[in-house]
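Everything numeric here is computed off the predicted structure, so don't read it as measured data.
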Amino acid sequence: MTCAILTQMKRLAASFALSGLLVASAYGEPIEPIRLASTAFDEGRYREAARLAEETGHADSYALAARAVLAEVMCGEGDPPEEMLRRAEALAEAALADDPSHAEGRLQLAIAWSLRVRGLSRSAAWRTGLGTEARALVESVLEDDPDNAYGHGFLAVWHVEVVRRGGSFGAAMMDASLSEGLAHYAKAAELSPGDASLHWQMARALAAHNPRRHRDRIERALAAAAAASGETALEEVMARRAAVLSEALNTLSANDVKRLAAEML
């Protein structure tokens, strides 16, 4: 249940850079580490970004550190390393320990949880309860901020992934539906239309589910991801992946497209 929020995008990175500077001033701390961490994040130097942000030591910076760790995970290949997911989880929890209502901390924790169950079997993932907890966290974010694009992006993918992995029975058990996923994606796209990661993650999830049934939606989402500005390293990665999946749609069988999309982050 990877979600685009995870990995987070240029508008969020830009707004975080500003809020981080303001918060650092409020805490009476130097603003330079936050500025450097935000720049490192934009340029794809995620380990440096995480280190600088973590050292600053307040809710916003811990959340930025968690996002940087998860961005490194999402830009990698294969299953996410468990130790990195645990670190991101710990950083998000540190943000929430400092500020229990911290929206970004809740989002990053939900992303870490969803990635932890990604490689598990359906029954093993169910037993962890993390999928349900991740959904509840993000829904709490949207209760506080109904126009949080990344909250909607997360839930869009969450619903599609549950339907894909759980089938009709699993979807009923977890109260998931394709229509809910599409509604959340439409809202996310309305709120942040130029965000490559939001579009990429939905295209990937739909392709892993049923590339024939959703082909038109997938192609539109991939086109939107490819058209994004690419101002950050993360956006560039998402746009390249969109190009790979777009080519696959035109050259591979539906089953091969499903396998490819399910393996991608």
* **Counterpart residues, side chain to side chain contact (heavy atoms under 4.5 Å, CB included), relative to D256 (two or more places apart)** => L252, S253, R259
* Do M238 and V257 share a hydrophobic cluster (ILVMFWY, side-chain heavy atoms under 4.5 Å, transitive)? -> yes
* Asked: What pair of heavy atoms forms the shortest contact from Y150 to S192, and how long is it?
  -> OH-OG, 3.8 Å
* **Pairing residues for S168 by the side-chain hydrogen bond (donor to acceptor under 3.5 Å, both in side chains) criterion, not counting sequence neighbours** => none
* **Heavy-atom closest pair, residues P33 and T56** => CB-OG1, 3.7 Å
* To do: Rounded to the nearest 0.5 Å, what's the gap from CH2 on W113 to CG on L85? Could you check?
  => 13.0 Å
* Indicate yes or no: at least one non-hydrogen side-chain atom of W126 is less than 4.5 angstrom from one of M173. => yes
* **Partners meeting side-chain hydrogen bond (donor to acceptor under 3.5 Å, both in side chains) with N250 (sequence neighbours left out)** => R215
* Asked: Does W200 reach the side chain of V237, with side-chain heavy atoms less than 4.5 Å apart?
  -> no
* About how many Å separate CG of N148 and CG of L107, when rounded to the nearest 0.5 Å? -> 5.5 Å
* Over all heavy atoms of both residues, which pair between A254 and P211 is shortest? Give the atoms and the distance, please. => O-CG, 3.5 Å
* Asked: Taking only residues two or more places apart in sequence, or in another chain, which ones meet S121 in a side chain to side chain contact (heavy atoms under 4.5 Å, CB included)?
  -> S123, A124
* **Flag side-chain contact, heavy atom, 4.5 Å: M74 against L115** => yes
* Asked: Of all residues at least two apart in sequence or in a different chain, which pass the side chain to side chain contact (heavy atoms under 4.5 Å, CB included) check with D99?
  -> A59, S101, H102
* To do: Report yes or no: do L182 and L222 belong to one cluster of Ile/Leu/Val/Met/Phe/Trp/Tyr joined by side chain heavy-atom distances under 4.5 Å?
  => yes
* To do: Measure the spacing between CD1 of I218 and CZ of R213 and express it to the nearest 0.5 Å.
  => 11.0 Å
* Just jot down the ring-ring contact (aromatic ring centres under 6.0 Å, His included) partners of H184, sequence neighbours excluded, or say none. => H152, H159
When the side chains of residues 134-141 are checked against the rest of the protein, which donor-acceptor pairs come out under 3.5 Å, sequence neighbours left out?
| residue | atom | partner | partner atom | Å |
| --- | --- | --- | --- | --- |
| R135 | NE | E139 | OE2 | 2.9 |
| R135 | NH1 | M174 | O | 2.7 |
| R135 | NH1 | D175 | O | 3.1 |
| R135 | NH2 | D175 | O | 3.3 |
| S140 | OG | R106 | NH1 | 2.9 |
| S140 | OG | L137 | O | 2.5 |

* With the side chain counted from C-beta on, respond yes when T128 and R116 share a heavy-atom pair under 4.5 Å apart, and no when they do not. => no
* Asked: Partners of E55 by salt bridge (charged side-chain N to carboxylate O under 4.0 Å, His left out), sequence neighbours excluded?
  -> R51
* Please name all residues satisfying side-chain hydrogen bond (donor to acceptor under 3.5 Å, both in side chains) with E82, sequence neighbours left out, ordered by chain then number. => R86
* Mind checking whether L265 and I111 sit in one hydrophobic cluster, side chains of I, L, V, M, F, W, Y counted as touching below 4.5 Å? -> yes
* Quick one: side chain to side chain contact (heavy atoms under 4.5 Å, CB included) partners of D79, sequence neighbours excluded? -> R118
* Set of residues satisfying side-chain hydrogen bond (donor to acceptor under 3.5 Å, both in side chains) with respect to T132, sequence neighbours excluded -> none
* Structure fact -> Residues A66 and A88: closest non-hydrogen pair is CB-O, 3.6 Å
* Structure fact -> Here the gap from L178 atom CG to L206 atom CG, rounded to the nearest 0.5 Å, amounts to 7.0 Å
* To do: Please name the residue in the list E263, H209, H199, E161 that meets the side chain to side chain donor-acceptor pair (under 3.5 Å) test with R204.
  => E161
* **Same apolar cluster: V157 and V163, side chain cutoff 4.5 Å** => no
* Asked: Can you check whether A53's main-chain N or O pairs, donor with acceptor, with S61's side chain at less than 3.5 Å?
  -> yes
* To the nearest 0.5 angstrom, please state how far the CD atom of Q108 sits from the CD atom of E93. => 13.0 Å
* Going through the checks in order, is the side-chain contact (heavy atoms from CB on, under 4.5 Å) test met by L142 and L155? -> CA-CA 10 Å; L142 291 179; L155 290 178; 3.6 Å; yes
* Straight-line distance of N255 CG to L260 CG, nearest 0.5 Å -> 12.5 Å
* **Atom of A171, atom of V162 and distance for their closest heavy-atom approach** => CA-CG1, 4.1 Å
* Side chains of M202 and V160: does their closest heavy-atom pair fall under 4.5 Å? -> yes
* **Note, D60 side chain near I34 side chain (heavy atom, < 4.5 Å)** => no
* Between E72 and R87, is there a salt bridge with N-O shorter than 4.0 Å? -> no
* Asked: Can you list every salt bridge (Lys or Arg N to Asp or Glu O under 4.0 Å) pair that touches residues 240-251, not counting sequence neighbours?
  -> E77-R241
* Heavy-atom closest contact (F41 atom, A71 atom, distance) -> CE1-CB, 3.9 Å
